[in-house]
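This report refers to the structure that appears directly beneath it.
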Amino acid sequence: MTGQEIGGFIVLTAFVNPPIPVRMFDWIAWFDKYGEDGPSAHGRTEQAAIERLMRSQGMTADGKCVDCHRKPSDVLGCSVGGCPIGEDA
């Protein structure tokens, strides 16, 4: 298991390599804050799993909001209605 900070979140990853012929589920990524029962995503590579996890939560691969392009730590009141990471202004 490895971890890295992305956009104010600690994202953990693990190589699971399930015994199936497809390789698109080899890696799993999840947020440390929520544990393995929280949001997670699989990918063919570690980076693909992280990108899929971030996208599923409304963020880019570098942890910025897909709507307002700010990091969660920068959001005091999101100016974009329905921003998934900040409070609407």
Side-chain angles (χ1 to χ4, degrees):
M1 180 176 9
T2 61
Q4 57 185 293
E5 187 273 329
I6 301 174
F9 297 97
I10 301 296
V11 176
L12 300 176
T13 58
F15 182 65
V16 289
N17 192 21
I20 58 176
V22 258
R23 300 284 42 111
M24 63 187 292
F25 301 106
D26 281 357
W27 286 89
I28 186 170
W30 68 96
F31 295 110
D32 182 45
K33 179 178 181 177
Y34 302 111
E36 293 182 40
D37 293 330
S40 65
H42 289 87
R44 180 180 302 272
T45 65
E46 182 179 32
Q47 188 60 36
I50 291 169
E51 289 173 6
R52 187 170 286 159
L53 172 66
M54 300 306 279
R55 218 174 24 252
S56 75
Q57 299 304 304
M59 291 181 272
T60 61
D62 61 353
K64 293 181 180 177
C65 173
V66 295
D67 294 323
C68 70
H69 306 287
R70 292 185 287 178
K71 291 188 178 184
S73 59
D74 298 335
V75 177
L76 297 176
C78 185
S79 61
V80 178
C83 177
I85 62 171
E87 296 296 322
D88 292 340

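Across every non-hydrogen atom of Glu51 and Ala61, the tightest pair is CG-CB, 3.6 Å. Between Gly43 and Ala49, the closest heavy-atom pair is N-CB, 3.7 Å. Annotation for Arg52 and His42: closest pair NH1-O, 2.8 Å, computed over non-hydrogen atoms. The minimum heavy-atom distance between Ala29 and Val11, with the atom names listed, is CB-CG1, 4.2 Å.
Under the side-chain hydrogen bond (donor to acceptor under 3.5 Å, both in side chains) criterion, Glu46 pairs with Thr2, Thr13, sequence neighbours left out.
With hydrophobic clusters built from ILVMFWY side chains whose heavy atoms lie under 4.5 angstrom apart, Trp30 does not share a cluster with Phe15.
The CD atom of Gln47 lies 6.5 Å from the CD atom of Gln4; values are rounded to the nearest 0.5 Å. Between Asp62 atom CG and Met54 atom CE the span is 8.0 Å, to the nearest 0.5 Å. Note that the CD1 atom of Ile50 and the CH2 atom of Trp27 stand 8.5 Å from one another [nearest 0.5 Å]. Separating the OG atom in Ser40 from the CZ atom in Phe31 is a distance of 10.0 Å, to the nearest 0.5 Å.
No side-chain heavy atom of Gln57 sits less than 4.5 Å from a side-chain heavy atom of Phe9.
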For residues 19-26, tabulate all N or O donor-acceptor pairs below 3.5 Å that involve a side-chain atom, not counting sequence neighbours.
| unit_1 | atom_1 | unit_2 | atom_2 | d |
| --- | --- | --- | --- | --- |
| Arg23 | NE | Asp26 | OD1 | 3.0 |
| Arg23 | NE | Asp26 | OD2 | 2.9 |
| Arg23 | NH1 | Ile20 | O | 2.9 |
| Arg23 | NH2 | Asn17 | OD1 | 3.0 |
| Arg23 | NH2 | Pro18 | O | 3.0 |
| Arg23 | NH2 | Asp26 | OD1 | 2.8 |

